[in-house]
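See below for the structure under consideration.
Throughout, residue positions are numbered sequentially from 1 according to the sequence presented. Side chains are part of it too, since the values below use all heavy atoms of this structure and drop only hydrogens, waters and symmetry mates.
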Amino acid sequence: MFIFSACVSIAYAKRFHKDGHEIEILWKQKGKKLKAWGKITGGKSTCVQMNLSIYFKNSESGSSAHIDTTINNYRPTSRNNYSGQDQPYLPRNNSFHSKSAKNRWYVKNYYLKCLN
């Protein structure tokens, strides 16, 4: 007998628009790391490299995190997926272990740059 059990963890998402680009950011905390991923579409031109920097803040614990990611050969007419590097954060106390702090991350700011 084979039993399959799937455990689903919550990911949060936000959609932003800047200079004709649509930026979708999804994120979740897993252990001591904050993971981010999503897609970028639109814009006026093709880029040799698209850089995205995302700054997160935790409204419960006050912790912050910064994630950088790149897309090589960015094309505005296609879906350009990215996966941000894991960003560990080291809070000063153990409040991040509580579910209330774990689910309180939000995007504080982001920067998008097209390199031609």
What pair of heavy atoms forms the shortest contact from [X] to [Y], and how long is it?
{"X": "L34", "Y": "A65", "value": "CD2-CB, 3.8 Å"}
{"X": "P76", "Y": "T46", "value": "CD-OG1, 3.6 Å"}
{"X": "Q29", "Y": "W105", "value": "OE1-NE1, 3.0 Å"}

side-chain contact (heavy atoms from CB on, under 4.5 Å) involving L112 - partner list, sequence neighbours excluded: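 L112: side-chain contact (heavy atoms from CB on, under 4.5 Å) contacts with H21, I23, I40, M50, L52.
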Just to verify, what does N81 make a side-chain contact (heavy atoms from CB on, under 4.5 Å) with, not counting sequence neighbours?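 Per chain and number, N81 pairs via side-chain contact (heavy atoms from CB on, under 4.5 Å) with K39, R79.
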In the hydrophobic clustering that connects Ile, Leu, Val, Met, Phe, Trp and Tyr at side-chain heavy-atom distances below 4.5 Å, which members other than W37 occupy its cluster, ordered by chain and number?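 For the cluster that includes W37, the remaining residues are L26.
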Return the orientation label for the F16 and Y110 ring planes: parallel under 30°, perpendicular over 60°, tilted otherwise.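 Aromatic pair F16/Y110 classed tilted.
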Less than 4.5 Å apart, any side-chain heavy atom of S63 and any of F56?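 The answer is no, as the side chains (C-beta and beyond) never meet within the 4.5 Å cut-off.
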For residues S64 and N58, determine if any side-chain heavy atom of one lies less than 4.5 Å from a side-chain heavy atom of the other.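 In short, these two side chains do not touch, never coming nearer than 4.5 Å.
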Would S78 and T41 satisfy side chain to side chain contact (heavy atoms under 4.5 Å, CB included), going step by step from the backbone distance to the final call? CA-CA 6 Å; S78 65; T41 55; over 6 Å; no
By side-chain hydrogen bond (donor to acceptor under 3.5 Å, both in side chains) - contacts of [X] (at least two apart):
{"X": "T70", "result": "none"}
{"X": "R15", "result": "E24"}
{"X": "Y111", "result": "N109"}

Give, for atom CG of N80 and atom CG of N72, the distance between the pair rounded to the nearest 0.5 Å.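 That separation rounds to 10.5 Å.
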In chain order, what residues pass the ring pair (Phe, Tyr, Trp, His ring centres under 6.0 Å) check against Y82, with sequence neighbours excluded?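 Listed in chain order: nothing, the list is empty.
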What residues form a ring pair (Phe, Tyr, Trp, His ring centres under 6.0 Å) with Y106, not counting sequence neighbours?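 Ring pair (Phe, Tyr, Trp, His ring centres under 6.0 Å) check on Y106 returns nothing, list empty.
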Hey, could you give me each pair passing salt bridge (charged side-chain N to carboxylate O under 4.0 Å, His left out) that has a residue in residues 49-58? Not counting sequence neighbours.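 Every pair satisfying salt bridge (charged side-chain N to carboxylate O under 4.0 Å, His left out) with a residue in residues 49-58: there are none.
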Test side chain to side chain contact (heavy atoms under 4.5 Å, CB included) on D68 and S53 and set out the steps. CA-CA 4 Å; D68 288 318; S53 294; 2.5 Å; yes
Just checking K18: does its NZ atom have more than 12 heavy atoms from other residues, nucleotides or ligands closer to it than 6.0 angstrom?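 For K18, atom NZ is crowded (more than 12 foreign heavy atoms under 6.0 Å).
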